[in-house]
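Heads up, the thing below is written out as structure tokens.
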Amino acid sequence: MAGFLDGKIAMITGAGSGIGRAAALVFAKHGATVALYDINGESVQETVRMVTQAGGSASGAAADVSIEDQVAGMVADVVQRYGRLDAAFNNAGVGHNLKHTADMTLDDWKNPLGITLLGTWMCIKHQIPEMLKTGGGSIVNTASNAGKAAVPTLAAYGATKAGVINISKTVAVEYAERGIRCNAVCPGVIETPPITAFRATGVDFGKEMQIPMVRTGRPEEVAELAAWLASPLTSYVTGQAISVDGGQSSCQ
Ligand SMILES: NC(=O)c1ccc[n+]([C@@H]2O[C@H](COP(=O)([O-])OP(=O)(O)OC[C@H]3O[C@@H](n4cnc5c(N)ncnc54)[C@H](O)[C@@H]3O)[C@@H](O)[C@H]2O)c1
């Protein structure tokens, strides 16, 4: 049976863990060849092994999305290996220590701004010219429900994710006529290592975080949405910020 990403070349950042690793497996399951990047070289190679073992096609390398030379290098690496870039899942992003806004320092903003916001923009900046060479492509960025509504103690995280949503809409409008679509996925509470660590503090996500499905999400549930948005099945969908959150954002 044909996969909806058959023949597509897709790059994924933050592919060494959590949602990015799940996306590597899901994109490959649907037929894409995946080029995987993460600041942690060992973990991204482990993801490459997992994709290959599952019968998919993958390559991987270490790269830091907050350093422009390395971002340019990632995109050049994809094109050198595979000849083109059809889809990108710009997923690398970071949180910060939980603090009320007046207690935050400039240092608390450094990683969210440098990695989540500027990192996502730099990926898009270098992906667009390659996609234009082949008539277009699909860019999917990982934002968050925290970019749509207030999450107390997460001002910098929320502000940078709101920025990712806005960049996604802006790129969608700027490049729609030239064949590039751009959308954002907005996860709610997804069971990845940072959330698992938070769970260890005793929080009951289902009840305390008002998740109608009364459970956290699985990384694959975000990955399936990202793969669908990356694929031709969503050829008329652009500029959207779609939540994948068990209904949580409908309560906010
Ligand atoms: N898990 C959730 O509940 C949740 C909710 C909303 C949004 N998100 C977003 O989903 C994305 C993935 O998060 P996750 O939960 O899978 O976390 P994770 O920590 O499991 O994975 C993040 C990956 O990004 C990599 N990374 C960090 N900084 C990087 C950099 N500078 N360059 C390249 N790679 C880098 C890490 O090494 C790690 O492998 C993030 O953008 C996060 O903000 C997660």
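Since this is a predicted model, take the numbers as computed values, not measurements.
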Nearest non-hydrogen partners of Ala226 and Val140, listed with the distance
O-CG2, 3.8 Å

Is there a salt bridge (Lys or Arg N to Asp or Glu O under 4.0 Å) between Glu224 and Lys29 once you walk through the steps?
CA-CA 10 Å; Glu224 290 286 358; Lys29 178 187 79 178; 2.6 Å; yes

Please examine the side chains of Gln248 and Val189, heavy atoms only from C-beta on, and report whether any two atoms are closer than 4.5 Å.
yes

Would you check if there is a donor-acceptor pair between the side chains of Asn141 and Ser168 at a distance under 3.5 Å?
yes

How about Asn145 and Pro187: do any of their side-chain heavy atoms sit closer than 4.5 Å?
no

Please check if any side-chain donor atom of Thr134 sits under 3.5 Å from a side-chain acceptor atom of Arg84, or the reverse.
no

Taking Asp86 for its side chain and Ile9 for its backbone only, find out whether a donor-acceptor pair lies under 3.5 Å.
yes

Ignoring hydrogens and angles, state whether a donor on the side chain of Ser243 or Lys148 is under 3.5 Å from an acceptor on the partner side chain.
yes

Is the shortest side-chain heavy-atom distance between Ile242 and Asn183 below 4.5 Å?
no

Do Thr238 and Tyr175 meet the criterion of a side-chain donor-acceptor pair at a distance under 3.5 Å?
no

Backbone of Leu229 reached by a side-chain donor or acceptor of Arg181 within 3.5 Å:
yes

Could you check whether the rings of His96 and Tyr157 sit parallel, tilted or perpendicular, using 30° and 60° as the cut-offs?
perpendicular

Sole residue of Thr192, Asn91, Thr47 in side chain to side chain donor-acceptor pair (under 3.5 Å) with Arg21
Thr47

Provide the closest heavy-atom pair for Gly56 versus Ala28 in the form atom of the first, atom of the second, distance.
CA-CB, 4.3 Å

Do the side chains of Ser57 and Val34 get nearer than 4.5 Å, heavy atoms only?
no

Report yes if some heavy atom in the side chain of Cys123 is under 4.5 Å from a heavy atom in the side chain of Met74; otherwise report no.
yes

Side chains of Ile124 and Ile139: closer than 4.5 Å at any heavy-atom pair?
yes

Do the side chains of Val26 and His30 get nearer than 4.5 Å, heavy atoms only?
yes

Taking the side chain from Thr105 and the backbone from Asp108, do they hold a donor-acceptor pair closer than 3.5 Å?
yes

What closest approach, in Å, do Pro193 and Ser17 show between heavy atoms, and which atom pair accounts for it?
CG-OG, 3.5 Å

Looking only at heavy atoms, the pair that brings Trp228 and Thr234 closest together is O-OG1, 2.9 Å

Scanning both residues in full, the closest heavy-atom pair of Met131 with Leu85 reads CG-O, 3.5 Å

State whether the side chain of Gln53 and the backbone N or O of Met50 hold a donor-acceptor pair below 3.5 Å, judged by distance alone.
no

Checking Ser66 side chain against Gly114 main chain: does a donor-acceptor pair fall under 3.5 Å?
no

Smallest separation among heavy atoms of Val65 and Met122, with atom names:
O-CE, 3.4 Å

